[in-house]
Amino acid sequence: MKMLLHQVYFLLLAAFFINHVYGNTCSQKTTTYGYVCVCNSTYCDTVPQIYVKEGTYQQYTTTSQTLGFSTSNGQIKSVSEGYSIYKIDLTNSQPKQTVFGFGGAFTGSTGFNINSLPSTAQDNLLESYFAADGIEYTLCRVPIGGTDFSLTKYTYDDNHAGDVDLKYFALQDEDLLYKIPYIIKANELSNNNLELIASVWTAPPWMKTNNDYAGIGFLKIEYYQTWANYFVKFFEEYAKKGIKFWGLTTQNEPLIGLLPTFISEINAMGYTNLQMNLWLSRHLGPTLKNSSFNNLKIMVHDDVSVTLPLLPEILENPLSMQYVDGVALHFYTNHLTPSEFLLFTKSTLKELFLLGTEACNGEPLELGSWARAERYIKDIITDFAYGASGWVDWNMVLDQSGGPCVIDNKVDSPVIANSAAGEFYKQPMFYAMGHFSKFLRPKSQVLDVQNGLIKSVAVLRPDGLHAVLLFNEDQYSKNVEIKSNKGVINVEIQKQSINTILF
Ligand SMILES: *[C@@H]1O[C@H](CO)[C@@H](O)[C@H](O)[C@H]1NC(C)=O
Ligand SMILES: *[C@@H]1O[C@H](CO)[C@@H](O)[C@H](O)[C@H]1NC(C)=O
């Protein structure tokens, strides 16, 4: 009888917590590859509020079968209950890197797809990514000019060869229609907490050895200074629109402009390490430092992991390293290289941060795929184990074909717009990103977790809460024990699920 009362009390308590949780649940739809949540002009799922009283914990869960964020609360115990082989021990954990944030990219295609939806559906989409009841992205990338995910190939000074003073430099329609308006809205939704990273794909063809947007081509040496000034112009023009940046990368994927590859149609510009050291140390670095954008974080590499072993040529060059703050990494070849390659992002001259700056699955689109969410989750967890401070996805929104894309390189995205139906689909990748961006807040301290059996990231947030993200890739549920100076938590994590425990 006593036992029964205890259970009734617990159920009442649970009901109280459930009532206390605001939020729309996922309107889930079955697709060829799994499930998505459907949003439209009048309905969209939201993230239930964080509600953690002293002595309790809150668990957020997304599973391969049930998308959205379901949540429950429980009591922290003073001693362990039962036995678990999956243990997270934070009692003596050492603080590691600081979290910068998570996000995606304001590509031209992303803005075009947002624009294709009815305006209230657009609001629901932007709120899903940026608002307090969404997944609260804070760190996003903005292309300087065109990328493959643009409607046309362009730079800001295409038609005036030899314009060394950049007199004809001008932002283009894609900025004015499809990037700037959504960056401004996103920043408002995030209470001005949005931090932006600028990356460039190519210089105007006339500045390049191959006179083209794509293919194997380098910056002509006579334009090294002009090209540095071009960056400053970009930051000035965006500043006039009220948009400030946090950082920049030196060049998106220089490898594509160096080697013949299957993706050689992508706007690109190559740099050898010798060229990069020269341009960075004599032109970009000094130019930025002598401008009003002298506090921007400068990141090198911005490319895949296969070329990381060559990176020390830059990271051990003292002239370049006066200007470098971090290393930017793209996720595409991480499954082909040993994780230990990430150690090549360290310099003996200086402490650098590591940031994931681009990732996507595809092609083609696989609507509803949990496997693709899993690939994101595992990559982020690995990057964080090697000291990464954040992770930025590629296109935030693509259409149902995985585009538009100016070349034949359509891919997948966490959100897919269906403009004909006036609705959009939030894929498992969206919820995977959400567990990181929503709960591992900027300025959190990553904690060293002594555990080898369950994939996890643990942080101490600026609000004093711990957040422990747990990923169960297996087909069976697991009982995980989390020990900290706040007590012991035993949680059940369902098969194929991502969970965040806050306490
Ligand atoms: C929007 O989605 C909600 C929930 O799925 C549904 O009830 C409603 O009919 C949809 N509205 C339109 C206009 O499709
Ligand atoms: C720094 O910028 C000023 C103009 O803002 C310019 O006159 C000066 O030559 C620059 N110095 C260097 C070293 O680039």
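In each ligand, atom 1 is the first atom listed, and ligand 1 is the first ligand listed.
- Counting protein heavy atoms only, atom 5 (O) of ligand 1 is closest to S27 OG, 3.0 Å.
- The shortest side-chain heavy-atom distance between D302 and S199 falls under the 4.5 Å cut-off.
- Ionic pairing of K233 and E237 is not present here: no N-O contact between side-chain nitrogen and carboxylate oxygen is shorter than 4.0 angstrom.
- In this structure, the ring-ring contact (aromatic ring centres under 6.0 Å, His included) partners of Y376, at least two apart in sequence or on a different chain, are F331, W391.
- Relative orientation of the F169 and Y156 rings is tilted, given thresholds of 30° and 60° on the angle between their planes.
- Closer than 4.0 Å to atom 9 (O) of ligand 1 lies none of the heavy atoms of the protein.
- With T120, N24, N40 as candidates, the residue nearest to atom 13 (C) of ligand 1 on a non-hydrogen basis is N40.
- For K438, the salt bridge (Lys or Arg N to Asp or Glu O under 4.0 Å) partners two or more places apart in sequence, or in a different chain, are E136.
- Within a 4.0 Å radius of atom 2 (O) of ligand 1, the protein has at least one heavy atom.
- Taking a 4.0 Å cut-off on heavy atoms, T42 registers as neighbouring ligand 1.
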